[in-house]
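Notes for the one structure printed next.
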Amino acid sequence: MDASTQTIAAALLGWYDANARTLPWRSPPGSPPPDPYRVWLSEVMLQQTTVAAVGPYFARFTTRWPTVEALAAADEAEVMAAWAGLGYYARARNLIACAKAVAARGGVFPGTEAELRALPGLGAYTAAAVAAIAFEQRAVVVDANVERVVARLFAIDEPLPGARKAIRARADAITPHSRAGDFAQAMMDLGSGVCTVRAPRCLLCPLSHACAGRAAGAERFPVKPLKAAKPQRRGRAFWIEQGGAVWLVRRGGTGMLAGMRALPDDGWSARGDGAGEAPLPDAAWANGGAVRHGFTHFDLDLQLMLYSGSDWVSFPSDAGEWWPLDQLETAGLPTLFAKAAQLAMAQKE
Ligand code: SF4
């Protein structure tokens, strides 16, 4: 490590000692590392989500399932329902698979980055973060915050995603051999509170002495790729209400929102043209308005159809269930269908 990279680590750790955020999954700077289960759980939850949004979920999960073995033994539908609202449901399924794999090892997480990487659903980032934070291993932890700080510190001109290689190499060069967990968390804190996406607070930054991007206009780093428009899909969801209950189905085991409880729909996740089949093909439907929702790879325009027939309808009992309207919030509907349900309920008021 050369002198300037050493100064960066030392300055950042000094700042972290005085400014670390207090978070329920963390240990204070310089103290023994937290329980790997809590580190892993928080890191999986925090992907694509804010600290503020994760807080209540983390508290609920750790109260209900205080150990990785408890989570591994939990009813999967219950875990999926508790996850509802955090989005990216494949992560919840991987969470369960990973908990089972760790429980099979006696409930002990492996302590190296390479072994962690081999667990279900642990990508390069999560494996590095858990190795550094829970096991104090030197690991190069690069999330979106760290990416931004490093791109600015070294004024990396290449656009993303191509710049990731250079960013990683620079992040590696400034990662110290001791206090790797504190260093990783310090970079995350700096990125979220000081070197922010807009209006970075360079005057308060412990790294301003070493920052090449500051003089060049920090906000232009990291250099963004040209944005391709997301494809637009259309679909329909169906609100069938009778006797104070609504008909909910369980989505299939693969594909979008797999395994989640949902309103019946026209199969938009497969075709996306809004012309799929209704659950009661001959019934009368009223237009209940539209819900817009952004998924990672497409935007969905979901038309809500309200059953307006006068006939009492029935479905095979293994196709779904009648859910009482006054307990709808306990159904664990994913955000898309929760929005559609809110729209339907608003029309009753
Ligand atoms: Fe970010 Fe400014 Fe600090 Fe550079 S000086 S790392 S741009 S906050």
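One-based numbering, in listed order, for ligands and for the atoms of each. Residue numbers count from 1 along this sequence.
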Does one hydrophobic cluster hold both F238 and V313, with members joined at side-chain heavy-atom distances below 4.5 Å?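 Yes, F238 and V313 fall within the same hydrophobic cluster.
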Can you find a pair of side-chain heavy atoms, one from Q342 and one from V291, that are under 4.5 Å apart?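 A side-chain contact under 4.5 Å is absent here.
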With a 6.0 Å cut-off on the ring centroids, do W285 and Y307 count as close?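 Yes: the rings meet the under 6.0 Å criterion.
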Counting distance only, does the side-chain N/O of R117 pair as donor-acceptor with the main-chain N or O of L122 below 3.5 Å?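 Answer holds: yes.
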Is there a donor-acceptor contact under 3.5 Å linking the side chains of R148 and N145?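 Yes, because at least one side-chain N or O of R148 sits under 3.5 Å from a partner of the opposite role on N145.
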Within less than 2.8 Å of atom 2 (Fe) of ligand 1: protein N, O or S atom count: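 Those protein atoms number 1 in total.
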Can you name the ring pair (Phe, Tyr, Trp, His ring centres under 6.0 Å) partners of F295, sequence neighbours left out?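 Ring pair (Phe, Tyr, Trp, His ring centres under 6.0 Å) list for F295, sorted by chain: W268, H293, F298.
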